[in-house]
Every structure is written in C-alpha cells, then in structure tokens.
Amino acid sequence: MEHLLAIALGPVQEFIATARRTRDLYAGSRLLSEAAARAAEALAREVGAKNLIFPAPEDEAGLERLAGAGIPNVLLVRVPEGKDPRGLGEQALGAARDYLRERAEEVLGPRRDLLFWREALAQVKDLLEGYYAYLPLEGDYPRARERLMALLAARKNTRDFAPVSWGSPAYKSSLDGARESVLRLPEKEADHLRVRLGLRPGEYLAGPDLLKRWWKAGHGFLSTTHMAALPFWEGVRRAGLEAVLKEALEELGGLVGEEARAEVRHPVLRDTPFGEWDVRLLYESRLEEFPSLAEDPGLLEKARDRLRALWRRLSPKVRVPPGAYYALLHADGDRMGETLDGLPSPEAHRRFSNALALGFAAQVKDIVEAHGGGLVYSGGDDVLALLPLHTALMAARALADRFREAMAPFGREGRAPSLSVGLAVVHHLEPLQDALDLARRAEKWAKEGEPKRNALCVAYSPRSGAERLVRGRWDENPPLTRRLLRYADLLRAGEVPSRAAYELLALVREAGEALPGEALVAEALRILGRKEMKRAYREELEAWLRTGEDVRRLAEELILARPFAEALDQAGVPVESREVWDAH
C-alpha cells in the first residue's frame, strides 16, 4: 500500500531571526534550507525524485536547481508500496542533522582551540527539531493530505523535551539568552580576539550563533549600511563622480589601515567601490568603530576632515551625506492552504510545487538583485529581502506580479493565490530583530487588513517620531506603490509643502469623529486650497479625496512618502521619471 509522508524541520523563525547582523540572518536561512535539501536528497535516493511532491523535482539535477532557489522546511512525499515510511522519515531527519553537524565541524573546526568544542557541537546537534507523520494514501488525495497535515501538527504539539547535554555555568548567548556561550578566550585578550573573530566587544555566542556568524556564503552578504548607502552611490554614478568617491575612500582606507578593506563580494556590489572598501567609511558616526581610529583621536579627526572634504566636492550635484534608511521586505502567499486543499491528486500537487518553485521562488533572487537588493530567503511563497529605498517599492510590485503570474493557473476564478507584502523602512543601525518584527507585522497587516490579502503594507519607523503604517491592495487604482511614488515626486518638486500632511493629520485626529465625512473632506480641501501649489497638482490631490478615510490616508501616505522622496533624490532619479512610472 502506498503512503503519504510529511516531514517538518525547525525551528524556522527562532533560528533565522536570532541575528545581530545580516550575515547571521542570511546564513541561518541558508543553513536550514540546505538541511532541508539534504533531507530531500535522501528521500529521492530511496523512492525516486518523481515521488517527491513538495518539492517536486524530475530528477536529482532538478533537485539541485530547486535547492538553489530554497527548499521549504516542510517536505511531502509519496511512499511506494514496499517502502517503510517511518524508516524514511528517520532517514531524512538524520540526513538533515548530519548536514548541520558536518557544517559545524567545517566552519567551527579551524577555531576549535578558542571554543568549548564538545559543547559547541552538542548545541548544534540539539538545534534541529524534526517531525514526521504518515498515513495510507487511499482514494481521496485532498482528504488524505488534510488528515496528514493535522497529524503532523499534532506531532509537533506533543514533541519530546530531552534534557540538554551541554549545560554549563558560562554566560548565556548575547543574541537570545537560550544557550550558554561556547567561547573560550583568554580574559586579557578577550575583546581584542572577539573583534578579530568578527564579534563585538563583550559579545557571547553559542555554537549555533557562531555557525551562522562564521559561515561563508561564497560571496558574503550585504549589510543594512550597504542598503542605506546604495542610493547615494547611484547618485554619484549618475553625476559621473565615481573617481572622486573612490579617491576619498582610498585616502580614508590609508588612514584606517587593513581594517578598512571589505570582505563582501556580493553581485550587487560588483561595480561599486564597496566591494573593496568598508561602507562604514562613509558614515562619520561609525568611524570610531575602526580600532585604529578609536585609539588615536588625531587620526580620527583627520578621517572626519577627509569625509567633510568629500561632501564639499560632491555637493551640490549629489545629495550628501549618504542616507540612513533602508527597506526590509517580508512577503507571503495568500490562499495557499485553500489552493492546496483543492488539488485533486499528487500529480496536480507536483505541478503546483513546480510552478511555485520554478515559476516564482527560483526567480526571486534575480528580481531582488535587479533592484539592488539582497535576498535573505526564498522558500516557496515565503520571501525575506533587504532593499535600498529608491527601488524598494518597484521591487515589491515586481515580486507580487511574478507571483500572480506563476499562480494564475491554480485556484478557483477570483480566488487564485496572491502575494501579500510587508515593507519596513528602518534606520540602518536599528537592531535587526526589531526591523524583522516590524516587517512581519507589516506583512500580517497586509494579509489581514480589510479587505483581506493581495496587499502591500509599508511601515516606517523613524529614529525620532511615531511609527507609521499604510496599506493598499495591489488591485487598487492607483495602487499604493504608485501613490507613494507620485507623492514623492510632488514632495521633491516642492509642489506639496511638508506641513500640509501634518495639518491634514491633525484635522483627522481632532475632528475626524466629530465631523461627518463630507465636512471632513471639505475642510481638507480648504487646507489644501491655502497652500502655494500649482492648480493641476492641487486638483490631482483633491480628486483622491472622496471620504473622511481618504483624508487620513492622504495625510499618512504623504508623510510616509518622505523617506522614499529623499532616497530618489539622492539616487539622482529625475522628478516625474518615466523610468519609475513605467514600472507601475
């Protein structure tokens, strides 16, 4: 008798989100995806690639292509008659755990003298949680899959809690406080060694934390500061002043020494100076992070003077200094469970899996990098990426369009899967876990706001001031992306005074509940009528005001358009650019 087997690996969010640097975030997601790929490979060898339903490769070469796109943490496989589903589940989990152990030995091994080695490996071994469930595949496939996923959920809820084998009185991890630090550093040299090892002074990390921090991605990964600085670089490039910037970086690098050399070789940085020089050199507030400057006040002041001289050379052709904000994108598919429930057979499910993996997930990296961003994770319908502000809205729209096209053949008419996107605009020095939390809250509101799903939510967390969120469905006319870019154009052209948005917001807060919608709109039109604006632009804004809710939305969106306007301005994008409008 055939069986249906489901395997889940985790903990996904806990392992990925426990990160202080973007390299931790990227490494955590890739490690779990590659562990899932190793489990899928073990299954394919035993039952054949064509019996894998999710992912759904045609052969082992196809599985490699899918692994490059990202293997999700839940696997589904049809077990032929004569094969033991329980043995296959154990074998797949064992392969995933073996992969993490092998990577730990490879990554941590060169520095084992600085670690409590046994404890570090034990923590990594204990890291992966794995569950599986299986049942006979008889008759109704949708019903069998529904029962199987319920069994898998029940198994997760009754998981085993074994005592830890690595407990010690050492300090807890600085990242999550869950596991003990495994660093064994001489007390007198501890912080000096930490800096050499890629850690912060006073930072204590457990085995899984160090596995992520020291894991080599081949090309490295972009930092939040890279994302904040990329609009500035684009402006320098458009102004033809690349040589001026590169000369300044060389001189700053000479003052700092070897620490100024970059270690990142990401494709997005290929034609920028940041593949050679540390991007922190462009931020005066971060110069003290270089030990050679921190220890020599005179040298630090020379570096600051050189940076100020650079700003004088670039201004007014380029807006200086570099910006401080970037975007963190989190996206998730809508109606995926409903669509899966409607698939009539394993073959139909395999077609769906391939459309999702090859039609969407495998293309996400190219879309993100084409917009100057760095992909953290793309597994199935789940996406996490960092983006510079001048391209973030266009990237969000491109991802939503690609997902809709890939999923168009599935789902009932009017209820095909769509993509809800959360876009968090945050300061590049904001704690990464806080930025992740904001991006996930934005994605949740995009999905659960009314009307539900198929939406974008943009959240803005300024370093001073209140957090702001705006939401709009992709099928609105005009969509939120176009509205925000249009407002950014008007702000950059000086056609909408900054004060207008705050006056409209104050009106909504003070009189929104007391006045009927028509009166609120009339008062908003009076406020706009007092502003010095060209008639065509005033009429354009007035045309979008029909209800009291429109007044609040216009005020919030005008405020939230400000950071995008600043990034577009710094990137040298022409005002009212066809390049921007054609993308929307």
Which heavy atom of G275 sits nearest a heavy atom of A262, and at what distance? O-CB, 3.8 Å

Is there side-chain contact between W544 and R486, with heavy atoms separated by less than 4.5 Å? yes

Roughly how far, to the nearest 0.5 Å, is the CZ atom of R483 from the CG atom of L560? 11.5 Å

In terms of heavy-atom contacts, does CG of D271 have more than 12 from other residues, nucleotides or ligands at under 6.0 Å? no

Do L210 and L199 come close enough that some side-chain heavy atom pair is under 4.5 Å? yes

List for me each residue that meets salt bridge (Lys or Arg N to Asp or Glu O under 4.0 Å) alongside D381, sequence neighbours excluded, and say none if there are none. none

Once side-chain contact (heavy atoms from CB on, under 4.5 Å) is applied, do any residues pair with A239, and if so which ones, sequence neighbours excluded? L241, K317, V318

Have H390 and D569 got a donor and an acceptor in their side chains that come within less than 3.5 Å? no

Who passes salt bridge (Lys or Arg N to Asp or Glu O under 4.0 Å) against E556, sequence neighbours left out? R468

Distance (rounded to the nearest 0.5 Å) between W233 CH2 and E242 CD: 5.0 Å

Quick check: closest heavy atoms across A36 and I71, and the distance to 0.1 Å? CB-CG2, 3.7 Å

Flag if over 12 foreign heavy atoms under 6.0 Å of CZ, R526: yes

Output the distance between atom CD (E234) and atom OG1 (T272), rounded to the nearest 0.5 Å. 11.0 Å

Of the non-hydrogen atoms in P273 and L245, which two are nearest, and what is the gap between them? CG-CD2, 4.2 Å

Just verifying a value: how many Å separate E476 CD and T481 OG1, rounded to the nearest 0.5 Å? 9.5 Å

Expected list for residues 446-455: side-chain donor-acceptor pairs under 3.5 angstrom, two or more places apart:
unit_1 : atom_1 : unit_2 : atom_2 : d
K447   : NZ     : D332   : OD2    : 3.4
K447   : NZ     : G333   : O      : 2.8
K447   : NZ     : D334   : OD1    : 2.6

Taking it one step at a time, do T225 and R286 satisfy side-chain hydrogen bond (donor to acceptor under 3.5 Å, both in side chains)? CA-CA 10 Å; T225 306; R286 303 200 69 181; 2.5 Å; yes

Provide the closest heavy-atom pair for V425 versus F564 in the form atom of the first, atom of the second, distance. CG2-CZ, 3.7 Å

Any side-chain heavy-atom pair of E259 and D278 under 4.5 Å: no

Between CG on residue L310 and CG on residue L249, distance to nearest 0.5 Å: 7.5 Å

Checking D550 now: which residues fulfil salt bridge (Lys or Arg N to Asp or Glu O under 4.0 Å) with it, not counting sequence neighbours? R553

Lys/Arg-Asp/Glu bridge criterion (N-O < 4.0 Å) met for R308, D305: yes

Identify, with sequence neighbours excluded, every residue that meets salt bridge (Lys or Arg N to Asp or Glu O under 4.0 Å) alongside R261. E276

Out of curiosity, L211 CG to L205 CG, how far, rounded to the nearest 0.5 Å? 11.5 Å

Determine, using ring centers only, whether W474 and F403 are less than 6.0 Å apart. no

Measure the shortest side-chain to side-chain distance between P322 and W311 over non-hydrogen atoms and say whether it is less than 4.5 angstrom. yes

Would you call E250 and K246 a salt bridge, using N to O less than 4.0 angstrom? no

Hey, are E549 and R552 close enough for a salt bridge, meaning a charged N less than 4.0 Å from a carboxylate O? yes

